[in-house]
Amino acid sequence: MMQTTKTMFDEMVSWRNLYKAYKKALRGKKHKEMNQKFMFYCESALAGLKIELVNNTYKTSPYKYFQIYIPKERTISVAAFRDRIVHHALINVIEPIYERVFIDDSYATRKKKGMHKAVYRAQQYAQFNKYYLKLDIKKYFDSINHDVLNELLADNIHDKRMYQLIKQIIATHTTENSCGLPIGNLSSQFFGNVYLDKADHFIKEKGFNHHVRYMDDIVVFSDSSDKLKMLFKELEEFLLTSLKLRIKEKSVQLNYCNRGLPFLGFRIFPDYIRLQNVNIKRMKKKIKEKEYLYKIGRITENAMANSVNSTLAFIKTANTFKLRERIWG
């Protein structure tokens with residue numbers, strides 16, 4: 001069990017850390033009215049937030065919700081600006097602890113990691129293995145059990161005030177049976193990584209050193225399909241009994257690496273990477289929509305450029321030179 005400092009909470013509520021968290025929460029959000037009000041009263045607002053945290057009178061505000069439909073329908077939860085500051089302040093302090101715990105091949109929402117590196121790592125493993133086993137979790141964020149998550153966090157968070165604050169944040173959103181984390185929160189993404197870290201170590205303990213996880217998308221590689229079949233049965237039982245999670249049946253694939261691994265919007269082969277057709281169609285549609293909005297004056301040239309650059313950054317992971325040439329050539 002990892003030992004951690006008992007002054008963790010004091011570090012979190014320090015002026016230096018709260019101001020750093022405030023600047024992070026503000027990135028790309030300066031134009032919003034409520035955030036501008038906080039900016040105007042920044043010093044007094046942060047001081048008031050610190051007093052609430054220290055006196056244990058801090059209460060989270062209700063979430064705002066909206067729906068997205070691409071790539072699938074989901075409910076996104078938006079925390080109040082001051083709550084997002086608390087989330088950043090919290091993660092600033094506990095993230096270094098968990099960076100020493102997480103395996104190298106966990107790639108979601110981590111510094112110097114990310115989707116593109118996960119794709120490249122999966123391709124690297126595909127070059128040295130014959131088979132892959134791919135799966136993801138059924139309704140992952142809605143299925144995260146609060147009691148289990150709190151127990152997992154207690155292994156490394158020994159400061160009682162910090163632990164109570166974390167439990168309060170987790171409890172602000174439930175679906176049923178004390179389960180669920182709100183999609184869209186920095187804290188949810190971080191706790192989602194913590195929750196499945198136990199599964200990462202379970203896979204390693206079973207002798208599989210080549211596996212990649214991006215949040216709840218898991219791929220394990222091996223030269224033996226029989227070993228992967230056995231792992232699947234053991235992992236399925238482990239997830240259900242230890243983490244109260246179920247594997248999404250339609251997501252399970254056991255196949256040859258040279259036939260292509262569908263992962264994170266790409267189809268990964270040992271010697272090249274393709275963008276999946278559904279994402280090509282979605283990308284073209286998005287570009288046309290942005291071009292139209294620019295022509296009618298709904299978005300600025302800078303916003304248009306940012307959108308194009310974001311799309312380019314995504315598709316450059318794959319071998320898409322000819323595709324990019326057709327679109328922008």
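For the numbers below, each heavy atom of this structure counts, side chains included, while hydrogens, waters and symmetry mates do not. Note that the structure is a prediction, hence the values are computed from the model and not measured.
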Pairs satisfying ring pair (Phe, Tyr, Trp, His ring centres under 6.0 Å), at least one member in residues 219-252, at least two apart: Tyr125-Phe221, Phe202-Phe238
Residues Arg121, Asp105: salt bridge by 4.0 Å N-O rule: yes
Approximate separation, where rounding is to 0.5 Å, of Asn185 CG and His87 NE2: 5.0 Å
Residues that Phe190 engages under ring pair (Phe, Tyr, Trp, His ring centres under 6.0 Å), provided they are two or more places apart: Tyr98
Side-chain hydrophobic cluster, 4.5 Å single linkage: members besides Tyr63: Tyr65
Those residues that, when tested against Tyr19, pass ring pair (Phe, Tyr, Trp, His ring centres under 6.0 Å) (two or more places apart): Tyr22
Side chain to side chain donor-acceptor pair (under 3.5 Å) contacts in which one or both residues fall within residues 135-144, not counting sequence neighbours: Asp136-Lys248
Test side-chain hydrogen bond (donor to acceptor under 3.5 Å, both in side chains) applied to Ser222 - qualifying residues, sequence neighbours left out: none
Flag side-chain contact, heavy atom, 4.5 Å: Leu153 against Phe191: yes
Contacts of Gln168 that satisfy side-chain hydrogen bond (donor to acceptor under 3.5 Å, both in side chains) - sequence neighbours left out: none
Residue pairs, two or more places apart or on separate chains, that pass salt bridge (charged side-chain N to carboxylate O under 4.0 Å, His left out) and touch residues 216-229: none
Residues Glu95 and Lys111 bridged, charged N to O under 4.0 Å: yes
Donor-acceptor list for residues 53-61 side chains, cut-off 3.5 Å, not counting sequence neighbours:
{"unit_1": "Asn55", "atom_1": "ND2", "unit_2": "Ile51", "atom_2": "O", "d": "3.4"}
{"unit_1": "Thr57", "atom_1": "OG1", "unit_2": "Glu52", "atom_2": "O", "d": "3.4"}
{"unit_1": "Tyr58", "atom_1": "OH", "unit_2": "Asp83", "atom_2": "OD1", "d": "2.6"}

Residues in side chain to side chain contact (heavy atoms under 4.5 Å, CB included) contact with Gln164, at least two apart in sequence or another chain: Lys167
Partners passing side-chain hydrogen bond (donor to acceptor under 3.5 Å, both in side chains) against Ser188 (at least two apart in sequence or in another chain): none
For Lys198, all residues meeting side-chain hydrogen bond (donor to acceptor under 3.5 Å, both in side chains), sequence neighbours excluded: none
